[in-house]
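Quick note: numbers below take in every heavy atom, side chains included, and nothing from hydrogens, waters or symmetry partners. Naming convention: chains lettered A, B, ... in sequence-line order (proteins, then strands); numbering from 1 in each chain. This one's a predicted model, so the numbers in the text were calculated from it and none came from an experiment.
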Amino acid sequence: MKELKLYLGPNHPGMHGNFSVHMYVDGDTIVRARPMPGMLHRGFEKLMERRLWMNNLALIPRICVPEPDTNEMVYAMAIEELTGIEVPEKAHWIRMIILELARIANHLMSLGGIGGPVGLYTGPNWGLADRDLILDIFEEITGARIYHMYIVPGGVRKDLSEEAIEKIKSFLDYLENRLPEYEDLIIKNPLFQRRTKDKLLLPAEVVWELGVTGIGMRSAVGEAYDIRKVDPYARYDQVEFYVPTANYSDGYTRVYFKYLETYQSIKIIRQILEKMPKKGKVWNKISSGSALRWRVPKGQVYTHVESARGEYGYYMVSEGEDKPYRVAVRGASYPQGLLGVEKYLPGTRIDDAALWMDTMGVCPPEIDR
Amino acid sequence: MNTPEKSFFAPARAWKYLSKKPVTVPMEDILITPREASDRYRGFHINDWEKCIGCGTCSKICPTDAITMIEIEELPDVEGSKPQRPSIDYGRCSFCGLCVDICTTGSLQMTKEYLHISKDPNTFFFIPTEEGIHGIKKPLGYVRDEDSDLLDLEREEMEIDPPEIRKTSFIEMVKGFSKEQAVREASRCVECNICEKTCPAHMNIADYIKDIFTDDLQTGLKDLYKTNPLPAVCGRMCTHKCETVCTIGHRGEPIAIRWLKRYIVDNIPKDKYPEILDQEVIKKANAKIAIVGAGPAGLSAAYFLSLMGFEITVYEEKNRPGGVLNYGGPSYRLPDSAFEQDVSYIKSLGVKIITNTKVGKDITLEELKAKNDVIFVSTGFNKGRKLPIEGSDHEKVFDSLTILEEMKNYVRGEGPKPYIPKSLVVIGGGNVAMDVARSMLRLQNLEYKKSEVHVLSLERSFDEMPADEDEIVEGKEEGVIFHPGWGPVKVIVENGELKGVLFRKCVEVFDKNGRFNPKYDENNTITINADMVVMTVGQAPDYSYLPEDIQKNTKIERGKIKTNEYGQVEGVPWLFAGGDIVHGPDIIHGVADGHKAAQGIDQYIMAKQLSK
């Protein structure tokens, strides 16, 4: 047996960011795998300690490019908890729209993106093209396509326009009709099924060991552990939706869950558009004075939300100054992206590595922070 | 997990894609007719240079340090703005729009323009103008609104006695900030330093506001004393030019800089000053300096000169130091305790103040010169003026300074009760007119339980009147009756008794060249009955103490002595001057003059000693 060291990444096309895995292979079987984060050279957490509370808005969305709004939300929630400011009612509902749209965008990218590593190149084309329609909506609402910097501590930066609401409605109709085509293209595709069914297994017992959350956990342990349900934030307690669960987490199940959850997000947004107040303030400032001198009272807090990849949390400490004293991000994909890679890639084939990353929803900047 | 079953007809669904047209966007379309961005798009910036004041707040909020303030030579360097404009490095800009949300004037905005392709990296470094990055007028994109404004435009409200209490009381009416209020007010500052440039004394305003924000009042006191040894006085009576130019004032209410200054000194006992300021005389200079007049300029010069090691003696005509502040500043605005707080520290540095000594009468300037190396004169505009109209020589027609002094001495229990009219006419629309009107109104209320004070000014609206807006508003609340747009014709005296004043309508105060040249409508007149008239039409200097030869060698224009930048009187090198007699009536100018003159005197003496 001759063992070779093979580098996967940091620019592997099957991966979603600057992440590298050093694989020791025997033939095309991975014997050992060492995740190598750090390619982003950012150090988000440390950078945050040197920026004003508002300044971090430009930094945090970059922690997870496919779903930047989660970071904005959880950061805002932490500050709101520390300051005790009240978020205007309408802002809660707008935030949910943004988060669910981001969730759909993320799932579409992953659902289509899985086509890349399995050789179905129509998948990424569809996924990204349809995601682009969501980016159009984001542009309409926030003024930016990728990094929205829209959910701010105390609410959101701007109210929704009528045009944006119309755009959302027509997109939801479009997507609902479009999703069966994804099912045909990806989920029912024998090529995809052969590559993912009964493969890339995540046993229930190690979910606890690694701390995996999100789809990985729900598909493995059969529990509907979704922060939106178990610890509702914004107004998630006022909308109805279903959280898919299973007791067998292979690659196929996890991708199928993304497909199912996309429907649930559509359902949630429709309810929001019905229930959301028509008028009202959307932002309360976090402190008095100019933003250059906004301060957050002393204290520490952990806030969490459900991202497309699992539980996303910020532990924040404030010393009462104009900048955070400490910020620690619980990246949702940290356990599966770092520990999971080391534990579960051995025994799989080289070409399964990218599939693991995709089905587990690994977002490298969340690890490399 | 159930696997979705595949329909027998599933492959047929794919046939529809055969007839579907592929989506392709030609490169030319992207470059020549790019897709229009959404209405809120955060695209390239534009900046209206007419509005922009170069405050640099955009640069401070920028999370990526993409904005640098660039000095523009062509821009005028005037008060209230800096000759700088923001430049944006689009290699760093994250298009977050925080700069737009915080822009103090609203000049910086974002457009829907987003496409820029160039091989030249320098083109990505861009100083926005109204033209935009490509000189094409593009529609506005993201704009700030009330929701997203990052400035706090509302001033922290100052606690002030209600008019019912004020009009019968000479107790200080403005109560000062509490700690919470001061910190909140200080938090509004954006540290642009534009106020510092305008302040005649160039006080370290941004520094001491920050000290309040960080609750470090001891450093705040040190920052105050770097440029101004009369902070308790200026915290109450300053003309606050700083607030007039305050950046926040462009869209909201300016920072209450004057009250913040007062907050620091109000919260530090005066006996702690020596310990906190810990000022040591840096050198013991072998020279004596006499200062004539213990007003703001004289005291300021005394303070700075004593720190330089000179032996200082201040000669004051009145029985208290302070100059016009001593009798001009009403107690409800400037209590004696505030003034004493400042003076006692100056005295503690070894400054000797000799009161009740009028130079030119009790001691001559020549005698002073014989005893001292340099003389600094700051004798102020200490003579009241009257208009040369019929009846103005009546005994019940007063100039402003005389009546103010009488009233203040009476209020502090050091003088006889002045004549308190049942109806008073004040002629003039400046702050001195307000001091007279509001002081006499209080005395009337105390004496007769009612008041009747008429203020008549040439200026035809309150906006034009030179008095501070606060003075006018508060005066109105207390019951002062304003008549803007009237000029006096004569004082009506019947049988030796003052009856009132005849006024005619003023139709224009300044001519086309901006010169004071009032024009009247002779047919439109009113008579205001009164048993006392006070003319607050300016003050004049008294140079009788200057020997003839000095008066000959010195240029005096419109009552003001000509000096160089450091207060050195032209033609008399050992004589320095400052305050009202150089710059006109203004406390903070006096303080600045004292500081400058101290530097000039130091240079003069050092040069003289070196040449020996």
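When each of E321(A), H148(A), E163(A) is checked for heavy-atom pairs under 4.5 Å with chain B, H148(A) comes out on top. Taking chain B as the reference chain and counting heavy-atom pairs below 4.5 Å, the highest number among K158(A), E181(A), M149(A), R62(A) is found for K158(A). In terms of non-hydrogen atom pairs under 4.5 Å with chain B, the most contact-rich of P244(A), S290(A), S287(A), A291(A) is S290(A). Interface remark: of the candidates V183(B), T64(B), D145(B), T57(B), D145(B) forms the most heavy-atom pairs closer than 4.5 Å to chain A. When each of E146(B), E185(B), K210(B), M110(B) is scored by its heavy-atom pairs under 4.5 Å with chain A, the top score falls to K210(B). In terms of non-hydrogen atom pairs under 4.5 Å with chain A, the most contact-rich of T214(B), L151(B), I102(B), I61(B) is I61(B). Interface check for chain B: of the options L57(A), L52(A), D159(A), V152(A), the most heavy-atom pairs under 4.5 Å are formed by D159(A).
Taking CZ of R40(B) as the reference point, atom OG1 of T142(A) lies at 8.5 Å (rounded to 0.5 Å). Taking CD1 of I209(B) as the reference point, atom CZ of R293(A) lies at 7.0 Å (rounded to 0.5 Å). Taking CG of N55(A) as the start and SG of C96(B) as the end, the distance is 7.5 Å to the nearest 0.5 Å. Within the model, atoms OH of Y150(A) and OG of S148(B) stand 10.5 Å from one another, a figure rounded to the nearest 0.5 Å. Residue S288(A) holds its OG atom at 11.0 Å from CD of E180(B), rounded to the nearest 0.5 Å. Atom CE of M54(A) is separated from atom CG of L98(B) by 5.5 Å, given to the nearest 0.5 angstrom.
Salt bridge D152(B)/K285(A): absent, no basic N to carboxylate O contact under 4.0 Å.
No more than 12 heavy atoms of other residues, nucleotides or ligands sit less than 6.0 Å from atom OH of Y325(A). No more than 12 heavy atoms of other residues, nucleotides or ligands shown are found within 6.0 angstrom of CD on E86(A). Within 6.0 Å of CZ on R50(A) lie no more than 12 heavy atoms contributed by other residues, nucleotides or ligands. Around CZ of R178(A), the count of heavy atoms belonging to other residues, nucleotides or ligands within 6.0 Å exceeds 12. With a 6.0 Å radius and a threshold of 12 heavy atoms from other residues, nucleotides or ligands, E36(B) has its CD atom at or below the threshold. Heavy atoms of other residues, nucleotides or ligands lying less than 6.0 angstrom from CD of E196(B) number more than 12.
Looking at heavy atoms from C-beta onward, D101(B) lies in side-chain contact with R157(A) at the 4.5 angstrom threshold. Two residues are said to be in side-chain contact when any heavy atoms from C-beta on lie closer than 4.5 Å; L292(A) and E191(B) fail this criterion. Counting heavy atoms from C-beta outward, R145(A) and Y114(B) have side chains that stay 4.5 Å or more apart.
For R144(B), the part lying under 4.5 angstrom from a heavy atom of chain A is the backbone only. Only the side chain of R51(A) comes within contact range of chain B, judged by heavy atoms closer than 4.5 Å. Both the backbone and the side chain of Y41(B) come within contact range of chain A, with heavy atoms under 4.5 Å apart.
For the pair R42(B) and Y147(A), the NZ or CZ position fails the cation-pi test of under 6.0 Å to the six-membered ring centre and within 45 degrees of the ring normal.
For L150(B) against W283(A), the heavy-atom pair with the smallest separation is CD2-CH2, 3.5 Å.
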